[in-house]
Novice: 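Below is a structure I'd like to ask you about.
In listed order, ligands and their atoms are each counted from 1. Owing to the predicted nature of the structure, the values given are computational and were not obtained by experimental measurement.
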Amino acid sequence: MSQLDFDYVIIGSGFGGSVSALRLSEKGYKVLVIEKGKWFTGKDFPKTNWNLKKWLWQPNMKLFGFFKMTFLNHVTILSGVGVGGGSLTYANTLPVPKTNFFTSGSWAGLYNWEETLKPHYETAYKMLGAAINPSFFEADETLRKLAKEIGKENAFEATNVSVYFGEEGRTVDDPYFGGKGPDRTGCVFCGACMTGCRYNAKNTLDKNYLFLAQQLGAEILAEKEVVDVTVLGAEDGADGYKINFISSIGKKEKGSVTAKGVIFSGGVVGTVPLLLKLKKKSLPNLSEMVGCAIRTNNESLMLVTSTNKNFKDFSKGIAIGSILQTSENSHLEPVRYGEGSAFFRTLTIPVIFSKYALLRLLGILFLMVKFPVKLLKTIFAKNYAKRTSVLLFMQSVDSTIRLKLGKIT
Ligand SMILES: Cc1cc2nc3c(=O)[nH]c(=O)nc-3n(C[C@H](O)[C@H](O)[C@H](O)COP(=O)(O)OP(=O)(O)OC[C@H]3O[C@@H](n4cnc5c(N)ncnc54)[C@H](O)[C@@H]3O)c2cc1C
Ligand code: SF4
């Protein structure tokens with residue numbers, strides 16, 4: 001063992017990778033985190049998502065930002081790439097699933113997950129600086145109104161989020177870890193959490209788990225993509241593994257390290273394709289279940305744009321400031337982007353409800369002919385981010401997809 005470079009190599013520095021890095025380092029293990037994305041600080045984040053170079057992660061187009069879109073047959077997967085993974089682009093909300101979630105799915109009946117996980121949610125809340133959003137803005141008030149209209153006012157509430165709400169714009173010494181962590185600045189409610197917080201108010205993983213892990217000696221190797229993992233010596237991995245990586249930003253660099261154990265925490269679109277590839281090559285004993293029973297968060301995003309002259313500004317606030325529990329298994333949230341971030345207008349089409357693609361297509365054509373001016377006004381409206389509220393509808397009912405190399409079924 002002493003011949004190996006590290007005790008553990010962690011692939012990916014998102015939520016799974018960061019928690020693993022800190023907890024393993026606390027136990028005294030020698031840890032390396034390998035991350036394919038870049039390091040980001042506040043000034044590296046784009047002012048709007050039109051700055052594709054700073055926002056999108058699409059290496060084959062030389063775009064090395066932190067937001068990745070993966071288009072599959074039946075689903076589009078959004079994810080984060082960079083030191084801190086999804087935390088760089090996520091909407092900060094920290095909801096604990098309802099009982100139904102713990103008692104359904106492939107894990108149902110194996111354990112009392114709700115009780116077992118309770119203390120760990122508490123720990124995560126502490127680590128991520130969870131706080132209830134203190135300020136509602138236009139979109140939240142509109143949702144509250146809707147809740148009242150449908151008789152669900154009690155099911156409307158402020159979100160619990162990983163944001164520092166000190167005095168707006170004022171920087172203070174580490175408010176969370178007794179001086180061991182970095183400083184923070186009070187949130188200014190600019191709505192830009194998902195295009196990266198430029199104000200040091202969002203509690204991304206590089207400011208908590210990863211920051212503390214580094215203090216305990218964990219190393220982070222950014223801009224390197226793990227492409228292969230092979231077994232050293234004994235087939236069961238008892239002698240350790242060799243982890244091979246290449247530059248993820250187009251440099252002619254490659255390398256390898258060895259470790260006693262490997263943690264695959266590259267997120268669904270990172271880990272699953274890698275494991276499927278390794279199963280065919282260097283790790284044939286991986287389970288046949290790799291790629292099966294993948295859950296999404298059953299999420300639809302509907303953009304609602306006001307074409308009124310005197311529109312309300314929906315871009316002010318945090319990314320998601322309120323939530324309405326629409327049923328036991330579903331909820332609705334108004335999501336916002338910061339002023340100027342209107343890239344998603346390029347991906348929108350009118351909503352037509354039909355189970356058949358042909359009918360949906362015909363419905364869109366019908367709308368284009370019947371309301372051409374209204375449609376054009378919606379798509380090309382000035383101040384699009386301010387005029388637009390993204391309604392996020394999410395269901396926690398059990399439904400799974402299967403990922404295969406090259407396609408999804
Ligand atoms: C726009 C958006 C908003 C969201 N909002 C919320 C929210 O409000 N609340 C919530 O709970 N969740 C939210 N999520 C989901 C949340 O971000 C993810 O569930 C979470 O980040 C998953 O954590 P993870 O550790 O599995 O992987 P990730 O956080 O995705 O991290 C994986 C990391 O591994 C890296 N990686 C992958 N493959 C390799 C490789 N081969 N070599 C090296 N590095 C690799 C990736 O670059 C990435 O940085 C949101 C997601 C998005 C995209
Ligand atoms: S609203 Fe603005 S300042 Fe507040 S956390 Fe989001 S990006 Fe940062």
Novice: May I ask you to identify the nearest protein heavy atom to atom 4 (Fe) of ligand 2, giving residue, atom name and distance to one decimal place in Å?
Specialist: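 Looking only at protein heavy atoms, the one closest to atom 4 (Fe) of ligand 2 is C187 SG, 2.4 Å.
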Novice: If you measure from each non-hydrogen atom of A91 to ligand 1, which part falls under 4.0 Å: side chain, backbone, both or neither?
Specialist: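 Both of them.
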Novice: Is the centre of the F314 ring less than 6.0 Å from the centre of the F137 ring?
Specialist: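 Centroid distance F314-F137: not below 6.0 Å, so no.
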Novice: Could you check whether atom CG of N310 has more than 12 heavy atoms from other residues, nucleotides or ligands sitting under 6.0 Å from it?
Specialist: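 Open.
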Novice: Is the shortest side-chain heavy-atom distance between K152 and L324 below 4.5 Å?
Specialist: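 K152 reaches L324 side chain to side chain.
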Novice: So, regarding V268 and ligand 1 (criterion: nitrogen or oxygen to nitrogen or oxygen, under 3.5 Å), is there a contact or not?
Specialist: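 By distance alone, the answer is no.
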Novice: Are the side chains of Q58 and F64 in touch, meaning some heavy atoms are under 4.5 Å apart?
Specialist: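 They are not in side-chain contact.
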Novice: May I ask you to identify, for A319, whether its side chain, its backbone, both or neither come under 4.0 Å of ligand 1 on a heavy-atom basis?
Specialist: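 For A319, there is no contact with ligand 1 at all, from either part.
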Novice: Quick one: which ligand 1 atoms are inside 4.0 Å of a heavy atom on G270?
Specialist: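 That gives atoms 37 (C), 38 (N) of ligand 1.
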Novice: Looking only at protein heavy atoms, which one is nearest to atom 3 (S) of ligand 2, and what is the separation?
Specialist: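 Ranked first by proximity to atom 3 (S) of ligand 2 is V188 N, 3.4 Å.
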Novice: Centre of F189's six-membered ring, under 6.0 Å away, within 45 degrees of the axis: is that where NZ or CZ of K316 sits?
Specialist: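 Output no; distance or angle outside limits.
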Novice: Less than 4.0 Å is my threshold; does some heavy atom of G196 fall inside it relative to ligand 2?
Specialist: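 No heavy atom of G196 comes that close to ligand 2.
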Novice: If you measure every N or O of G86 against every N or O of ligand 1, does any of those distances drop under 3.5 Å?
Specialist: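 Yes.
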Novice: I want to confirm something. Looking only at heavy atoms, which of I10, T89, L205, V335 is nearest to atom 2 (C) of ligand 1?
Specialist: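 Nearest heavy atom to atom 2 (C) of ligand 1 lies in T89.
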Novice: Are side-chain heavy atoms of L286 and L278 found at a separation under 4.5 Å?
Specialist: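 In contact.
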Novice: Run through E122, H120, E115 and flag the one making a side chain to side chain donor-acceptor pair (under 3.5 Å) with K118.
Specialist: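 Among E122, H120, E115, the one meeting side chain to side chain donor-acceptor pair (under 3.5 Å) with K118 is E115.
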Novice: Could you walk me through whether K207 and D174 pass the salt bridge (charged side-chain N to carboxylate O under 4.0 Å, His left out) check?
Specialist: CA-CA 10 Å; K207 297 190 173 117; D174 166 35; over 6 Å; no
Novice: Check each atom of ligand 2 against the heavy atoms of G317 and keep those under 4.0 Å away; list them by number with element.
Specialist: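 The atoms of ligand 2 under 4.0 Å from a heavy atom of G317 are 1 (S).
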Novice: Can you list the atoms of ligand 2 that are under 4.0 Å from a heavy atom of Y199?
Specialist: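 Listed by number with element, the hits are 3 (S).
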Novice: Atom 19 (O) of ligand 1: protein heavy atom closer than 4.0 Å?
Specialist: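 No, there is no protein heavy atom closer to it than 4.0 Å.
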Novice: Touching ligand 1 at all, K68? Heavy atoms, strictly under 4.0 Å?
Specialist: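 Judged by the 4.0 Å heavy-atom criterion, K68 does not count as contacting ligand 1.
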Novice: Is it the case that the side chains of E114 and N112 hold a donor-acceptor pair, with the cut-off being a distance below 3.5 Å and no angle test?
Specialist: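 Absent: no donor and acceptor within the cut-off.
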Novice: Numbering the atoms of ligand 1 from 1, which are under 4.0 Å from a heavy atom of N92?
Specialist: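 Under 4.0 Å from N92, ligand 1 has these atoms: 8 (O).
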Novice: Do protein heavy atoms approach atom 15 (C) of ligand 1 to less than 4.0 Å?
Specialist: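 It does not: no protein heavy atom is found less than 4.0 Å away from atom 15 (C) of ligand 1.
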Novice: Do any N/O atoms on V226 end up under 3.5 angstrom from N/O atoms on ligand 1?
Specialist: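 V226 vs ligand 1: N/O contact under 3.5 Å present.
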Novice: If you scan the protein for heavy atoms around atom 43 (C) of ligand 1, do you find one that is closer than 4.0 Å?
Specialist: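 Answer yes: something from the protein, a heavy atom, is under 4.0 Å.
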Novice: Quick check: does K36 get an N/O under 3.5 Å from an N/O on ligand 1?
Specialist: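 Yes, since at least one N or O of K36 sits under 3.5 Å from an N or O of ligand 1.
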Novice: If you take all heavy atoms of F343 and N49, which pair is closest and at what distance?
Specialist: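 Minimum heavy-atom contact is N-OD1, 3.1 Å.
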Novice: Just one of F40, Y337, W55 clears the ring-ring contact (aromatic ring centres under 6.0 Å, His included) bar with F67, so which one?
Specialist: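 Result for ring-ring contact (aromatic ring centres under 6.0 Å, His included) with F67: W55.
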Novice: Keeping the roles fixed (side chain from N133, backbone from T159), state whether a donor-acceptor pair exists under 3.5 Å.
Specialist: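 No, the answer is negative, given that no donor and acceptor are paired below the 3.5 Å cut-off.
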Novice: Check each atom of ligand 2 against the heavy atoms of C197 and keep those under 4.0 Å away; list them by number with element.
Specialist: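 Matching atoms, with element in brackets: 3 (S), 5 (S), 7 (S), 8 (Fe).
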Novice: For ligand 2, which atoms have a heavy atom of C193 less than 4.0 angstrom away?
Specialist: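 What qualifies from ligand 2 is 1 (S), 5 (S), 6 (Fe), 7 (S).
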Novice: List the steps and the verdict of side chain to side chain donor-acceptor pair (under 3.5 Å) for R184 and N203.
Specialist: CA-CA 9 Å; R184 292 293 202 291; N203 296 325; 2.6 Å; yes
Novice: Considering heavy atoms of the protein only, find what lies nearest to atom 34 (O) of ligand 1 and give residue, atom and distance to 0.1 Å.
Specialist: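 That would be G12 CA, 3.1 Å.
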Novice: So between F245, F67, Y90, F264, whose heavy atom ends up nearest atom 17 (O) of ligand 1?
Specialist: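 Minimum heavy-atom distance to atom 17 (O) of ligand 1 goes to Y90.
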Novice: Should L274 be counted as touching ligand 1, given the test is an N or O pair under 3.5 Å?
Specialist: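 Such a contact does not occur with ligand 1.
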Novice: How close does the nearest protein non-hydrogen atom get to atom 33 (C) of ligand 1, and which residue and atom is it?
Specialist: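 For atom 33 (C) of ligand 1, the nearest protein heavy atom comes out as E35 OE1, 3.7 Å.
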Novice: Quick check: does C190 put an N/O/S atom under 2.8 Å from atom 2 (Fe) of ligand 2?
Specialist: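 It does: C190 brings an N, O or S atom closer than 2.8 Å to atom 2 (Fe) of ligand 2.
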Novice: Hey, does Y90 have a side-chain heavy atom less than 4.5 Å from the side chain of K202?
Specialist: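 Yes. Closest side-chain heavy atoms under 4.5 Å.
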